[in-house]
Structure formats: C-alpha cells, structure tokens
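Every heavy atom of this structure was used, including side-chain atoms; hydrogens, water molecules and symmetry mates were not. First the proteins, then the strands, lettered A, B, ... as listed; each starts at 1.
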Protein chains: 2
Amino acid sequence: MEQALATNPLVDLPSSREKILDVAEQLFSRRGYAGVGLREVADGVGLGKSSLFHHFRSKDQLYAELLGRVLRRLRNQLRPIVTAELAPAEKLVRWIEALVDALAEQPASARLLVRELVEDGQFQSEELPEAVEATQVLSEILGGIRQLLAEGIEQGVFRQVSIPHTVQTLIGATVYHFASGEFGDGLLGRSLFSAEAVKTRKQELIATLQQGWMA
Amino acid sequence: MEQALATNPLVDLPSSREKILDVAEQLFSRRGYAGVGLREVADGVGLGKSSLFHHFRSKDQLYAELLGRVLRRLRNQLRPIVTAELAPAEKLVRWIEALVDALAEQPASARLLVRELVEDGQFQSEELPEAVEATQVLSEILGGIRQLLAEGIEQGVFRQVSIPHTVQTLIGATVYHFASGEFGDGLLGRSLFSAEAVKTRKQELIATLQQGWMA
DNA sequence: GTCTATACTACGATAGAC
DNA sequence: GTCTATCGTAGTATAGAC
C-alpha cells in the first residue's frame with residue numbers, strides 16, 4: 001500500500017511553519033530583529049508575505065517562538081549535566097563541552113542569544129506567553145550553572161569566585177565567541193564552526209577556566 | 001549614563017553635531033542600527049529630522065563616525081600600554097584594567113562594539129571612508145593585544161595558548177560583560193557600571209586569566 | 001493555506017523657503 | 001542651520017477571494 005509522502009511521519013517533510021522558523025532564525029541571527037523584514041523571510045521560504053500571518057500572529061511572536069526553540073534546546077542539553085552525580089570539577093568541564101557543542105551544532109543560536117542579552121528588554125517585558133516562557137527557560141539554564149559553581153565553591157574545589165561574574169565570563173567565552181561571525185572567522189583564520197576550531201575552543205576554554213578557578 | 005558635556009558651557013557649548021553624535025550613541029547602543037530611526041535621534045537632540053542631514057551625509061555615515069569615535073578612544077587608552085617597557089604579565093594586567101576602565105567610563109561603547117562584532121559586515125565593507133578608518137583602528141587594537149600575548153608566550157611567562165582564542169576570550173570577558181545591560185545588571189544585582197561592580201570585575205578577570213594563562 | 005489587494009505608518013533622503 | 005513639505009520605498013498587519 002502506498003503512502004502519501006507528505007503525510008508519512010517517517011519522511012519528516014518540514015511544514016511551512018517549520019520552514020518559516022528556520023529561515024527566520026538564519027536572518028534574525030545575522031541582522032537582528034529590526035534588521036529583517038517579513039518580506040525577506042517570506043521570500044526565503046517561498047511564500048507571500050501575508051501567508052506568514054497564517055502561522056504566526058505577529059513578528060514579535062515569531063521571534064519569541066524562535067528564541068524559545070533555541071533556549072529549550074540548550075536547556076535540554078545542559079540540564080542532565082547539572083543534575084548528574086559527578087564531582088563539580090568534572091561537571092563544569094562537561095557543562096562547558098556540552099554548551100560549546102550545542103552552540104556549534106546550530107550556528108544561529110549564539111547570535112540570537114547575544115542579541116537578546118545585549119538588547120534592552122523588548123521581549124522579556126512583552127505580554128506574549130512565548131516570551132515569558134523563553135525567559136523562564138533562560139532562568140533555568142542560569143540556575144543550573146549557578147548551582148554547579150556554588151557546589152564547587154562549597155566543596156572547596158573551586159576558589160571563592162564571584163558566581164555572577166563567573167557566569168558572565170562563561171557566557172562571554174562561549175556565546176559571544178560563537179556569535180562573532182565574520183570577525184571571529186577572520187581572527188581564527190578559519191570558520192568558527194569548523195571541527196578543528198570547535199575542538200580547539202573547548203581545549204583552550206577548559207584549560208584556562210579550570211586552572212583559573214580551581215582552588 | 002549621561003554623557004559628559006563640555007567643561008564650560010559658556011566657552012565650549014557643544015555643537016549640534018556633537019549633540020547628535022551623543023544622542024545617536026545612546027540610542028544605537030541600546031537598540032542597534034536598524035532599530036533606531038533618525039526621527040528619534042532628531043527628537044532627542046531637539047531638531048527636525050531633516051536637520052540631521054546638514055551634519056551627516058546619511059544614517060550609515062553617522063553610524064560609522066560614531067563607531068570611529070568609540071574605537072579611537074579605546075585605541076588611545078590602550079596603545080601606550082602595549083608599547084610600554086614592562087614585563088608581559090604586568091602589561092597584560094594593565095591592559096585588562098585599562099580596557100575595563102575605558103568600557104566602564106562610557107557605557108555605550110561596549111554595546112556598540114558587540115553589535116559591530118556580531119553583525120555581519122555591513123559597515124566594514126562599505127565604501128564610506130569613516131567605516132574604513134574605524135576598521136583600521138580596530139585592527140590596531142587587535143594587533144596590540146596579539147603582540148602582547150605573543151611576547152609573553154615567547155618569553156615563556158604565558159603558557160602556549162592560542163592567541164586568537166585568547167583574544168576572543170578577552171573580548172567576551174570584557175566587551176560582552178559591559179554590553180549585557182539589563183541582563184548583566186540582574187545577574188549582578190546591581191548596575192554593571194557601579195564602582196563596586198567595575199572593581200570586582202577587574203579583580204575576578206585578572207585573577208582568573210592570570211592564573212589560567214601563566215606558564 | 002496561499003494568494004492579491006490594500007490600509008496605514010514609518011523610513012531615509014531631498015528641495016527649497018527662511 | 002533649521003524648518004516644512006514631499007518623494008519613493010518598505011514596514012507590519014488585515015480582508016477576502018480561491
């Protein structure tokens with residue numbers, strides 16, 4: 001018996017909705033929320049501009065949903081590490097590795113995140129439920145790394161660093177790095193996302209931060 | 001967050017041109033190039049929108065000039081440290097302190113810089129002479145820190161870190177930090193730019209990075 | 001679910017009076 | 001040096017045919 005391709009769940013043909021999110025993710029990550037018009041998104045998907053509004057209520061809501069998708073993915077990859085039963089030093093190494101892997105796997109993520117952190121709260125203060133949820137997911141991620149650092153300090157394996165400053169340093173060293181686009185490519189002399197560059201990034205980060213934070 | 005005006009208003013009244021640059025710096029740093037319209041800039045200065053075009057040829061040129069102003073200031077504060085006759089370890093500490101001081105003194109700087117680094121080259125590829133000059137100044141700054149790191153590695157006082165990755169970590173730990181706005185304020189529980197937060201940032205950074213990079 | 005057509009607003013930029 | 005008026009374009013979003 002033949003199955004229609006479009007309805008076969010094994011051949012996951014992307015829905016229009018997903019295609020829109022993918023295209024929007026690329027564009028927003030590169031040029032920011034205000035820098036991208038819905039016309040460009042629609043063109044990238046191969047739809048008319050008006051058709052986007054069948055899938056999303058507004059540009060804001062599309063963006064918030066995008067951000068939520070990125071943050072949930074990050075949380076899902078980082079959460080098991082925080083709750084694992086491991087020594088804090090080992091946990092920290094794995095957490096950094098997992099974060100780097102997650103950011104490297106989907107190159108648009110880091111840029112979207114940096115923009116969100118640098119932009120003054122346009123979206124977290126929105127009444128959009130999607131934006132509220134995204135903010136909560138971000139809080140979860142932050143709570144995780146804070147707890148991890150607190151454990152290490154309490155057990156005396158990390159020196160008494162300032163937890164907020166250390167979180168900032170971590171974000172800068174990972175999220176900023178993978179968000180730095182052409183500038184970062186130029187500095188490294190290769191793509192930030194090449195297998196070698198990702199591997200080197202992990203090694204450098206872990207060496208520096210482990211040495212710098214161990215008691 | 002107020003920009004320092006001229007020292008003596010009776011003698012040194014700021015020109016419209018300077019007022020425009022100051023207002024634009026605040027706005028662009030907070031919401032990005034595409035996120036700010038010239039109408040808002042003009043309102044902030046107290047002029048009509050058209051009057052801006054008497055002082056600047058286009059929005060692009062206004063932005064490029066802004067960026068150049070920020071970068072030249074940074075370069076001027078960092079250059080003497082790189083060329084000073086000091087041991088590399090001491091130089092690095094002073095360089096970090098000077099960078100933190102420079103970013104903390106003018107809160108809009110870090111955000112403008114992060115945006116520029118994260119944005120895919122809209123301005124460096126321009127034909128605007130102002131943009132070309134800004135790119136050169138950025139290169140000067142980067143050349144300085146690269147040289148400083150290379151010296152330290154050569155003399156065996158720093159371990160053999162990857163220079164590009166180390167530069168990225170430094171940028172992330174300083175520029176990103178001071179660009180993180182409301183998010184950073186919330187994380188620290190106080191303004192990123194308060195005297196205490198700036199002092200703590202320096203201490204944490206120097207302790208971590210010095211430990212992490214020393215041979 | 002996608003289309004055309006359209007409403008309304010804002011944008012960057014120019015012309016020309018004062 | 002600033003103003004008003006205007007141009008042409010593009011922005012988000014809606015209405016309604018198919």
query: Tell me: CD of B:Q61 to P of C:dT14, nearest whole Å?
result: 12 Å
field: Rounded interatomic separation in angstrom, taking NZ from A:K19 and C1' from C:dG1
entry: 12 Å
message: From CZ of B:F56 over to P of C:dT14, roughly how many Å is that when rounded to an integer?
response: 15 Å
message: At less than 4.0 Å, is any side-chain N or O atom of A:H54 found next to OP1 or OP2 of C:dT2? Yes or no.
response: no
task: Could you state the atom-to-atom distance from CD1 of A:I20 to P of D:dT12 in whole Å?
output: 14 Å
query: Which nucleotide sits closest to the side chain of B:K49: D:dA13, C:dA13, D:dT2?
result: C:dA13
query: Could you give the CZ-to-C1' distance, from B:R39 to D:dG11, as a whole number of Å?
result: 16 Å
- line: Quick note, A:L47 side chain, CB onward, closest among D:dT2, D:dA13, C:dC3 is C:dC3
message: Please classify the nucleic acid contact of A:V41 as base, sugar-phosphate, or nothing, using heavy-atom distances under 4.0 Å.
response: nothing
- prompt: How far apart are the C-alpha atoms of B:T169 and A:R201, what are their side-chain angles, what is the distance that settles it, and do they pass the side chain to side chain donor-acceptor pair (under 3.5 Å) test?
  reply: CA-CA 10 Å; B:T169 302; A:R201 187 74 197 151; 2.9 Å; yes
message: Whether the B:E130 and B:Y63 side chains hold a donor-acceptor pair (N or O, under 3.5 Å, no angle test) is what I'd like checked.
response: no
task: Verify the contact: side-chain N or O of B:S58 to OP1 or OP2 of C:dG12, cut-off strictly under 4.0 Å; return yes or no.
output: no
- prompt: Can you tell me how far CD of B:Q203 sits from CD of B:E97, rounded to the nearest 0.5 angstrom?
  reply: 9.5 Å
- request: Could you check how far CZ of B:F28 sits from P of C:dC11, rounded to whole Å?
  value: 11 Å
- prompt: What distance do B:Y176 atom OH and A:L117 atom CG have between them, rounded to the nearest 0.5 Å?
  reply: 4.5 Å
query: So what does A:V36 hit on the nucleic acid, given a heavy-atom distance under 4.0 Å: a base, only sugar-phosphate, or nothing?
result: sugar-phosphate
query: Do A:K59 side-chain and D:dG11 base share a donor-acceptor contact under 3.5 Å?
result: no
Minimum-distance nucleotide to B:S50 side chain [options: D:dA5, D:dA13, C:dC3]: D:dA5
task: Mind calculating the distance between CG (B:L62) and P (C:dC11) to the nearest angstrom?
output: 15 Å
- prompt: Once you round it to whole Å, what is the distance between C1' of D:dG16 and CZ of A:F53?
  reply: 16 Å
query: Out of C:dT2, C:dA13, D:dT14, which has the shortest distance to the side chain of A:H55?
result: C:dT2
task: Measure the spacing between CG of B:L78 and CG of B:L148 and express it to the nearest 0.5 Å.
output: 10.0 Å
